[in-house]
Number of protein chains: 2
Amino acid sequence: MSATTDFEEAKDDFISQWGALGTSWGISRTMAQVHALLMISPDPLSTDQCMEELQISRGNAHTNLKELVGWGLIKIVVKKGERKEFFEAEKDVWKVFTIVLRERKRREIDPAVELLKGCVDRSKAVKTAEGKAFHEQMKELEEFAMFASKVGEKISHLKYGPAVKFADKFLGLLPKQKN
Amino acid sequence: MSATTDFEEAKDDFISQWGALGTSWGISRTMAQVHALLMISPDPLSTDQCMEELQISRGNAHTNLKELVGWGLIKIVVKKGERKEFFEAEKDVWKVFTIVLRERKRREIDPAVELLKGCVDRSKAVKTAEGKAFHEQMKELEEFAMFASKVGEKISHLKYGPAVKFADKFLGLLPKQKN
DNA sequence: CATTATTTTCAAAATATACTGAAAGTATCC
DNA sequence: GGATACTTTCAGTATATTTTGAAAATAATG
C-alpha cells in the first residue's frame, strides 16, 4: 500500500467527513466540504473546479462559495489574464476559529440575550410567587448569556499566542507549547 | 396594560423563541421548547401537560422528554399516589451550560479529532510538496481540535464561581460580580 | 455593439428531518 | 387475571432544508 494512495484517501476522507461534521456545526454539508477542499488545495480553485471535485451543481457551488466569502473564510482571487474568479481559503487555524466563533456568537448567543432581556423586563412588576420565580430565572439566564457573549467577544479578538497562554495558565493544559 | 398580561406574554415568548433558538444550537425546536416550558414551570409536569401547553402530539412529547432525560437536562419525578411520570428541569444555569457543553464537545469536537488524527497519520510518509503541506495543515488542525477538546472538558467540570473568576481575571470582564 | 465568458438567480425536485396518531407494550390496581 | 392507566414504538405524513439546472443578468472582448 503506497503512501500516495493513503494520502489520496486521507484527502477524500477529510473533505467528506469535514462536510458531515459541518452539519453538527450549524453549517451546511456542502459549505463545509467546499471549505475543506479549499483548505487543502495548494492553489486557489475556480467554481468549475469545485463543481468537478465535489460533483455538485453550479448553483450549489456558487451559493456556498459566496456564503463562505460572506463569512470571511475564503476570499476571491483574480488571476492575471484569467476572466473567472478563483477562491482561496484562510488556512490559519486560529483565524478560522475566531471567524466561526464570532459568527456563532452572533447567531446563537446575541438573539438569546435580546429575548431574555425582554422577558426580564416584562416580568419586573409581577407580584405572584410564580411571577417572581420566572423573573429570577430570566435574570439568571440573561446574566449568563451576557457573560458568555462577552467571553466570546474577547476571545475572538485575542491572538493565538495569548489565547493559548491564557488557557494554559488557568487550566493547566499543554505540557509544552509554542507561545 | 397589566403586569400579568405582560408576564403571560413573556412566558409564551420565552417558550416559542427559545425553541427557535434551539435550532441554531443543534437541538430540535420541540426539544428546546419542552425544556423551556419545564425551566419556567414551578412544578414538574406530566407528558399530557406538555402536550397541552405546547400543542404537540403524544409521540413527540414523549420522544423529546426522554431525549432531555438522556441529556440530563430534566429528570423524572414520581409523585406519591400518582401513577404517571412527571418531569422537572434542572434550573441552575451553570449546570445546564456544562451539560450542553459536554454534549456538544462529544458530538462536534471529538469526532473531528478522530478524523484529523487519521489524516495526519496517513500523510506522514508522503514526499511531495503538496503532501507535506496537507500533512502540516492536518497537524495544525488536529492540535487545535485537541486543545479545544481539553478546554471544553476542563470548563465543563469547573464550578460557576471559579469559572467566572477565571474569565474575569484574564479577560477583564465584569465590573462587579459575585464569586 | 454583437459575441462570448462568467456569474447570479430561482422555481422545481430531491433529500433530510421532525411530527402525528394509533396500535402495541408494560405496569399497576382491584 | 382482567381492567385500567400509562408508556413506547413506528409507519406514514408533513415540514424544512438543500440541490439542481436552466434561464436571466452582467461583464469582458474584439
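Predicted, not measured: the structure shown is a model, and the values here were computed from it. Convention: sequence-line order gives letters A, B, ...; per-chain numbering from 1.
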- Message: For E136(B), is there an ion pair with K139(B) - N to carboxylate O distance below 4.0 angstrom?
- Response: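 Yes, K139(B) and E136(B) are salt-bridged.
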Please tabulate, one pair per line, all N/O donor-acceptor pairs under 3.5 Å involving side-chain atoms of residues 25-34 of chain A, not counting sequence neighbours.
residue : atom : partner : partner atom : Å
W25(A)  : NE1  : E108(B) : O            : 3.3
S28(A)  : OG   : M31(A)  : N            : 3.3

Between [atom2] on [N] and [atom1] on [X], what's the gap in Å once rounded to a whole number?
{"X": "I27(A)", "N": "dT18(D)", "atom1": "CD1", "atom2": "P", "value": "12 Å"}
{"X": "F87(A)", "N": "dT6(C)", "atom1": "CZ", "atom2": "C1'", "value": "11 Å"}
{"X": "L65(B)", "N": "dC6(D)", "atom1": "CG", "atom2": "C1'", "value": "14 Å"}
{"X": "L54(A)", "N": "dT19(D)", "atom1": "CG", "atom2": "P", "value": "11 Å"}
{"X": "I76(A)", "N": "dT6(C)", "atom1": "CD1", "atom2": "P", "value": "15 Å"}
{"X": "Q55(A)", "N": "dT20(D)", "atom1": "CD", "atom2": "P", "value": "10 Å"}
{"X": "I56(A)", "N": "dT20(D)", "atom1": "CD1", "atom2": "P", "value": "7 Å"}
{"X": "R58(A)", "N": "dA24(D)", "atom1": "CZ", "atom2": "C1'", "value": "14 Å"}

- K79(B), NZ: over 12 other non-hydrogen atoms inside 6.0 angstrom: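 Yes.
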- For E52(B), look at atom CD and say whether over 12 heavy atoms of other residues, nucleotides or ligands are found less than 6.0 Å away.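 For E52(B), atom CD is not crowded (no more than 12 foreign heavy atoms under 6.0 Å).
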- Task: Between T47(A) and T23(A), just flag the one whose closest nucleotide in DNA chain C comes earlier from the 5' side.
- Result: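 Its nucleotide being nearer the 5' end, the pick is T47(A).
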Looking at the side chain of [X], which of [options] is the nearest nucleotide?
{"X": "H62(B)", "options": "dT7(D), dT8(C), dC19(C)", "value": "dT7(D)"}
{"X": "S28(A)", "options": "dT18(D), dT20(C), dA18(C)", "value": "dT18(D)"}
{"X": "S57(B)", "options": "dT19(D), dT8(C), dT20(C)", "value": "dT20(C)"}

- Task: Please tell me which of E85(B) and R29(A) maps to the more 5' nucleotide of DNA chain D, matching each residue to the nucleotide holding its nearest heavy atom.
- Result: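 Here E85(B) is the residue nearer the 5' end.
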- Query: Should the ring pair F144(A) and Y160(B) be called parallel, tilted or perpendicular, given that the plane angle runs from 0 to 90° and is split at 30 and 60?
  - Reply: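 If you compare the ring of F144(A) with that of Y160(B), the planes turn out tilted.
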Short N/O separations, protein against nucleotides 1-5 of chain D, under 3.5 angstrom:
residue : atom : partner : partner atom : Å
dT4(D)  : O2   : R83(B)  : NH2          : 3.1
dA5(D)  : O4'  : R83(B)  : NH2          : 3.2

- Message: Can you tell me if T30(B) touches the phosphate of dC19(C), counting only side-chain N or O atoms and a distance under 4.0 Å to OP1 or OP2?
- Response: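 For dC19(C), OP1/OP2 do have a side-chain N/O of T30(B) under 4.0 Å.
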- Within a strict 4.5 Å, meaning less than it, do heavy atoms of the D110(B) and K105(B) side chains meet?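 Yes - at least one pair of side-chain heavy atoms lies under 4.5 Å apart.
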- Residues D48(A), K84(A); criterion salt bridge (Lys or Arg N to Asp or Glu O under 4.0 Å); working and verdict: CA-CA 10 Å; D48(A) 293 76; K84(A) 53 169 157 289; 5.0 Å; no
